[in-house]
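Report on the following structure.
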Amino acid sequence: MRDHRATLLWAGFAVAALVSVALVLRRPDRLSDLHIYHGALTDLRAGRPLYGYVAPNGGPFTYPPFAALVLWPITTVPLGVVEAVWLAATCAAVVAIAVPVGRVLATGRTATPGRGVAGARPGTSVPVSIAAVAAVLMIAAPVQSNLRFGQVSIFIVLMALLDAMAPPSRMRGVLIGVAAAIKLTPLLFVLYFLACGRYRDAARALGAFVTCGALALVVLPAESLTYWAGTVAQTSRIGNLASLGNQSVHGMLLRLGLDERSLPLVWAALVAVICALALLRARALSRLGRPGHATVLVGCATVAASPVSWTHHQVWTVLAAMLLVGAVGVARRVAGALLLASMVLSLGAVLAPVSMRPGVQFLFENARAIGTVALCVTGFGAVALTAARTHRTRPAGRGWPRVGVAALGALAFFAVQPLPAGADPTFKAYRLPDVVNARYFFVCQGPVECAHYSTGAPVTFGTRREKTKVRVNGVVSEQVARLDYHSAPGGPPRTIPLLAAYPGVRTFSFRSATMAHGRLIAYSADGRALVTYDELTAATR
């Protein structure tokens, strides 16, 4: 008898896919990363350097040279056809990922339908689970980001997932090696194979990786030398790594304002600990007959450890959240639901009105990175260490107090954190060329208007709230020599440029994520504080 739940879920998936594709096609900047691939390879075919290409939006080609060989066919057909095929292939990849993960969700194991195990919630059919995974994946931010940008990340996840979960064979490990030759992060699975004693799989993965690199060296010698001799380490080419889209440990440390000298050491130490714990947990899960959980856990470790983990990289975290939601135990389900919510919604933007402390706002803005790290460290709630206990032996209702205490403890911890000013990656102070932009300089435009606007006070300003940021714009009097902004308690202030835009008038403008704890201080030439504005909620005066 057909399960109508599966039919409804597949219908939801189809609607979400069609709507998502339609919205992508309406965007003027649609599939921008795919256009970078196409433009860079077109330049390469014309004899220009692959890594010298810069797209109209400023984006370069950042992948290893073997990726250029794999993507070469997209230059042989019209770009419109490439776009259509790429979007369809992305949706198909979502379904292909949902099949093995849905089976794990329904059975707790990879290939033993109908057998429940400790830590897996029984009673859900495999078809329903597969459809549910596909539908949730389609609306999650990582898949939406893959569709919007035309990214290869979804295909890298698919290759690594299928290979690491595959039954023993002479080819197991090869797909991961090929995936790593396209994008380096799957190399962590080689360490996972070694930790599990799967030495032949590790050898095949490394062999495939080296073979692909050697092939690229033969076909594209100049590009291969350029990439491996220096481009591979130039992560700054990818964009602003401190932006909220980079939900890796490295990105989180950058947003905390860690100084440049200590950042590499702190990051390397944290990544080593996180990966070691994740690999140990994954090995335990694998030995308990849960290669699906182990594979997803290692995938999450690649997200946490990579210097750059944009939203489209974070498909692994969505899969982990769904496995937690389908597990036994209140704590795991609640943790999975919270993690899944963070992967569907941008909690920093949605919950900004209720984040009364900068630490809480930091928690919301970095929820994906923090959740991924917590998963790597705990390994699905230490399920590998408690697998022998079945949920029937636990008294009902015991999980809720633990969940409540843990949640309150986490909020209390972040609420008291005196985060430095660097924890506000949205901050930007505008300079003289920006004065003509009425969106940035909205208080007054022109010398006469600005002169009339000045009230004789040290600082006269107005604020304007937008969806994800607040702007401050105003003028200062002659007695003000310096203007500093503190976006959060602790840490160094931001110095706001005072712009002589018009004769006899100095203006300023900056933006910040929230003004709830902002403090604007004007100083005289002798360093004396003239006036202080707290919370910056004043209306235009």
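Heavy-atom basis, side chains included; hydrogens, waters and symmetry copies ignored. Not measured: the values here are computed from a predicted model.
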Answer yes or no: is there a donor N or O on one side and an acceptor on the other, between the side chain of [X] and the main chain of [Y], under 3.5 Å?
X	Y	value
Asp163	Met159	no
Ser309	Val303	yes
Thr295	Pro291	yes

For Ser32, all residues meeting side chain to side chain donor-acceptor pair (under 3.5 Å), sequence neighbours excluded: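 For Ser32, no residue satisfies side chain to side chain donor-acceptor pair (under 3.5 Å) once neighbours in sequence are set aside.
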Suppose we screen for side chain to side chain donor-acceptor pair (under 3.5 Å). Which residues come up paired with Arg439, at least two apart in sequence or across chains?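 Only Glu466 meet the side chain to side chain donor-acceptor pair (under 3.5 Å) criterion with Arg439.
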Can you list everything that forms a salt bridge (Lys or Arg N to Asp or Glu O under 4.0 Å) with [X]? Sequence neighbours excluded, please.
X	answer
Arg27	Asp29
Asp33	none
Arg204	Asp201

Pairing donors with acceptors under 3.5 angstrom, does anything connect the side chains of Tyr63 and Tyr227?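 Result is no, nothing qualifies.
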Applying side chain to side chain contact (heavy atoms under 4.5 Å, CB included) to Val94 and Leu158, what does each step give before you reach the verdict? CA-CA 8 Å; Val94 171; Leu158 175 61; over 6 Å; no
With sequence neighbours excluded, residues passing side-chain contact (heavy atoms from CB on, under 4.5 Å) with Leu25: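 With neighbours one apart ignored, the set is Val21, Arg30, Leu87.
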Scan residues 67-82 for pairs that pass side chain to side chain donor-acceptor pair (under 3.5 Å), counting only residues two or more places apart or in two chains.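 Listed by first then second residue: Arg45-Thr75.
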Pairwise side-chain contact, Arg172 with Arg198, heavy-atom cut-off 4.5 Å (strictly under):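 Of all side-chain heavy-atom pairs linking Arg198 with Arg172, at least one is under 4.5 Å.
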Give the table of side-chain donor-acceptor pairs shorter than 3.5 Å for residues 174-191, with sequence neighbours excluded, one pair per line with atom names and distance.
residue : atom : partner : partner atom : Å
Lys183  : NZ   : Gln151  : OE1          : 3.4
Lys183  : NZ   : Ser153  : OG           : 2.7
Lys183  : NZ   : His313  : NE2          : 3.0

Ser20 vs Gln144, test: side-chain hydrogen bond (donor to acceptor under 3.5 Å, both in side chains). Steps then yes/no. CA-CA 7 Å; Ser20 300; Gln144 290 293 310; 2.8 Å; yes
As a quick check of understanding, evaluate side chain to side chain contact (heavy atoms under 4.5 Å, CB included) for Ser346 and Phe364, giving each step before the final call. CA-CA 8 Å; Ser346 178; Phe364 292 155; over 6 Å; no
List the residues meeting ring-ring contact (aromatic ring centres under 6.0 Å, His included) with [X], not counting sequence neighbours, and say none if there are none.
X	result
Phe155	Trp86
Phe209	none
Phe66	none

Donor-acceptor contacts under 3.5 Å from residues 368-377 side chains, at least two apart:
residue : atom : partner : partner atom : Å
Arg368  : NE   : Ser342  : O            : 2.6
Arg368  : NH2  : Ser342  : O            : 3.1
Arg368  : NH2  : Leu345  : O            : 3.2
Thr372  : OG1  : Thr317  : OG1          : 3.2
Thr372  : OG1  : Arg368  : O            : 2.7

